[in-house]
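Just so you know, these numbers come straight off a predicted model, no measurement behind them. Order of the sequence lines sets the chain letters (A, B, ...), proteins ahead of strands, with each chain counted from 1.
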Amino acid sequence: MNIIEIKNLTKKFEKMTAVDNLNLEIKEGEIFGLLGPNGAGKTTTLLMLVTLKPPTSGTATINGFDIVKQPDKVRKSIGIVFQDPSSDEILTGYENLKLHGWLYDMPDELREDRIKEVLKLVDLTDRKNDRVKKYSGGMRRRLELARGLMHHPKILFLDEPTLGLDPQSRDHIWKYIENLAKEKNMTIIITTHYMDEADKLCDRLAIIDKGKIVVLGSPKQLKNDLGGDIIRLKAQTLDLDALKKLPYVKEINPCDGEVCLTLENANIHLQEILQTVGTIDSVEIRSPTLDDVFLHYTGRAIREDTPEGSWAEKAMNASEKK
Amino acid sequence: MSEIKGIYALWYRETKVFLRERSRVISSIINPLLWLLIIGGGLGSAVSFSGINYQTFIYPGILIQTALFSSVFFGVYIVWDKKIDFMKEVLVAPMRRTSIFIGKILGGSTDTLLQVLILFVIGIIFMIGGIMPGLKLTPFSVLVSLAFLLVTTVGLVSIGLILGSQMESPEGFQLIISFLIFPLFFLSGALFPITNLPGWLAPLILANPVTYAVDGIRGVMMGISRFNLLFDFTLVCLFALVMVLIGTYAFKKMKL
Ligand SMILES: Nc1ncnc2c1ncn2[C@@H]1O[C@H](COP(=O)(O)OP(=O)(O)OP(=O)(O)O)[C@@H](O)[C@H]1O
Ligand SMILES: [Mg+2]
């Protein structure tokens, strides 16, 4: 069953089209990833799906309800962790969570149990009675996550949930989310810039660029589709023209100031390639990762910070203003 | 049920935040005190109306002033909520927009009425201390005044929320409300009697809903009024009702 069906969803801001005629179906219980460079339209898509921004045209159904015509019903089935901070800084962490429980009409006992559970998950139990104003950027982010995970909605949207978190916190949180998806058959839609995370976690993912889906599939399938292996070469000068003449080299991409080749059976051809390019500093053969998939389809490597600055910076700016 | 819990949540948040921001509480007391002592005291040495000393005379006006400034200004917090994205958390919750509006009204009204209550205490102290002769703060007059203040506050908070829901910058909001608050205050009879107004001024004052709140409260506190108490109260209620209706609509149309 498709729990989310997106039909021709479009959002225009003045002249620019942030989301361009998007069509997508997501199955119940799936962990679905939306990947894309900065400004690709991921956040805009999520905000439309959670009924906070009206689409310019097109629509979507969530849990059978139309996001344009039945927003109240849609909101009863969803939860979201926003990309930007949205807690009240004058309240304590615990008070923010309690408020969330009330807003979502959780029974008192369940609410208190869950608050304990999520506070432990994000390691904020000791700081729960501090005002959010006194939290660090990462702590705010964790509180935000705890809050989104509290009420166990049928469908959970996570907009770059682990941005700026240390690896250990990320691990904990992903385990918890995977568990939720499995045990409660919860559907989870995430956007992330961490490719390894998307690879491990997502059942399927879509790479979007300039508001359009460029490719869609399971991480495994996407990597296989690239075909073969990646050879990464580092050298002062490379004879690219000669490389282009080799028939079995499918693709040549710059990556991080080095050059990446895509080809089948790299181990057989390595000898010839090395002879062709001349002196090199180092070489590496590996299977494709999602980073390569991303690079292949968008022509860009993914960056972890947003153009406006990191999440934590934004949180700090907002707090200074207040 | 879910709506009531949500409304309670919003009220709880506004009240907590208000009580934690001490500067807001303190300035809300200092300002009216200055008016009472300096304007009231200064002019009071020379001016009195119907045998009532000027300081006493403007006391109802200062009560309304506090309610007016604090209520309308409350709308700025919704602009802030949009900025810090707290608004998103609220708007995405399974609550009706109307309930969100009600929660905000209750929060704003509580803030305002707490400030007004402090002014009542000051009034009683001044009355007992003989500073404001002619002021009759009896249980009846206090209750009726509170009823007036409550209803007026609901209407005024709605004005603030309506403006706040449509605006994006706190600075813009502040600019607009100062154009609104000052006429509402000066044209309400808070500072002068409205019985013998010059012809050009009368319509402005009679069109101002705040006038009727001042008139009602002054009537019950010191026996000076132009209109019948029930008439005053009806108009104030009508004003609040219209503002609440417009506010409900504005919240339904609110964009982020
Ligand atoms: N309120 C707005 N007004 C005008 N343009 C907007 C607005 N919100 C987003 N945009 C534009 O829409 C495009 C998509 O933005 P969006 O936030 O959806 O990107 P994203 O994929 O989430 O990027 P990021 O990885 O940086 O979070 C961007 O070009 C952005 O500038
Ligand atoms: Mg985004």
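Atom OH of Tyr249(B) sits in a sparse spot, with 12 or fewer heavy atoms from other residues, nucleotides or ligands closer than 6.0 Å. Within 6.0 Å of CZ on Arg96(B) lie no more than 12 heavy atoms contributed by other residues, nucleotides or ligands. Within a 6.0 Å radius of CD in Glu168(B), other residues, nucleotides and ligands contribute 12 heavy atoms or fewer.
Here CD1 of Ile90(A) is found 10.5 Å from CZ of Phe86(B). Values are rounded to the nearest 0.5 Å. Of the inter-residue distances, the one linking Leu91(B) atom CG with Thr51(A) atom OG1 reads 8.5 Å to the nearest 0.5 angstrom. A distance of 6.0 Å separates NZ in Lys88(B) from NZ in Lys53(A), rounded to the nearest 0.5 Å. For the atom pair Glu14(B) CD and Asp88(A) CG, the distance stands at 8.0 Å (nearest 0.5 Å). Separation of atoms CG (Leu99(A)) and CG (Leu10(B)) is listed at 7.0 Å; rounding is to 0.5 Å. The distance from atom CE of Met95(B) to atom CG of Asp72(A), rounded to the nearest 0.5 Å, is 11.0 Å.
With sequence neighbours excluded, the residues that form a side chain to side chain donor-acceptor pair (under 3.5 Å) with Glu95(A) are Thr92(A), Lys16(B), Arg20(B).
In this structure, Gln83(A) and Asp85(B) have side chains that are not in contact, with every pair of non-hydrogen atoms separated by 4.5 Å or more. Taking the side chain as every heavy atom from C-beta outward, Glu89(B) and Asn96(A) never approach each other to under 4.5 Å.
Inspection of non-hydrogen atoms places no residue of residues 142-166 of chain B under 4.5 Å from chain A.
Of the atoms belonging to His151(A), not a single heavy atom falls under 4.5 Å from chain B. Neither the backbone nor the side chain of Lys73(A) comes within less than 4.5 Å of any heavy atom in chain B. Heavy atoms closer than 4.5 Å to chain B are found in the side chain of Ile80(A), but not in its backbone.
Here the closest non-hydrogen pair linking Leu52(A) and Val92(B) is CD2-N, 4.1 Å.
The main-chain N or O of Gly101(A) is never found under 3.5 Å from a side-chain atom of Lys5(B) such that the two would form a donor-acceptor pair.
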